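This report concerns only the one structure given below.
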Amino acid sequence: MEPEVSISSPHKEQAETLLHDAIASRVAALPEGATVMVKITIPTRPGLYGDLAADPRVLRVVALSGGYSRDEACARLARDPTLIASFSRALLEGLTESQTDEQFNAQLESSIEQIYQASLHKQPASP
């Protein structure tokens, strides 16, 4: 499943709650032995998908960068205790056709490291 909530929605947090509840009800209705992976926009409220991440029918809940810059997506990801990255847009940020192989590889390596650290090293959520 890969539903995405627009980061520019004036009702993003409310949409995320509705989406969470809809996904949770579908997960609860899965037949025995079925599993899913959920890929969502990083929620406004850290930990929103924690119950789904703990559900044995959910293999993993991963986060889209959703249009946030890589820095913003990584900062939000680092505050969410249950998500890991599945970024594409944020991963590609800073890569250009005009770069040398060395520049391209260095930028890609730096991006991967930043995203990996945000997935692995969690920060306390701000109140």
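Fair warning: this is a prediction, and the values are worked out from it, not measured in the lab.
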| query | Which of these passes side-chain contact (heavy atoms from CB on, under 4.5 Å) with Cys74: Arg70, Glu72, Arg76? | reply | Arg70
Any donor-acceptor pair under 3.5 Å from [X] side chain to [Y] backbone:
X: Thr35; Y: Leu59; result: no
X: Glu113; Y: Ser110; result: no
X: Gln103; Y: Thr100; result: yes

Could you check if a side-chain atom of [X] sits within less than 4.5 angstrom of a side-chain atom of [Y], using non-hydrogen atoms only?
X: Ser119; Y: Leu77; value: yes
X: Val58; Y: Val27; value: yes
X: Pro43; Y: Ile40; value: yes
X: Gln99; Y: Asn105; value: no
X: Leu19; Y: Tyr49; value: yes
X: Thr41; Y: Ile7; value: yes

Between [X] and [Y], which heavy-atom pair has the shortest distance, and what is it?
X: Ile42; Y: Ala63; result: CG1-CB, 3.6 Å
X: Thr44; Y: Glu16; result: N-OE1, 2.9 Å
X: Thr96; Y: Phe104; result: O-CD1, 4.2 Å

| task | Could you list all the salt bridge (charged side-chain N to carboxylate O under 4.0 Å, His left out) pairs where at least one residue sits in residues 42-62, not counting sequence neighbours? | result | Asp55-Arg57
| request: Could you pull out all residues at least two apart from Glu4 that satisfy salt bridge (Lys or Arg N to Asp or Glu O under 4.0 Å)? | output: Arg89
| remark: The salt bridge (Lys or Arg N to Asp or Glu O under 4.0 Å) partners of Glu93 (sequence neighbours excluded) come to none
| query | Any chance the side chains of Thr17 and Glu13 put a donor and an acceptor closer than 3.5 Å? | reply | no
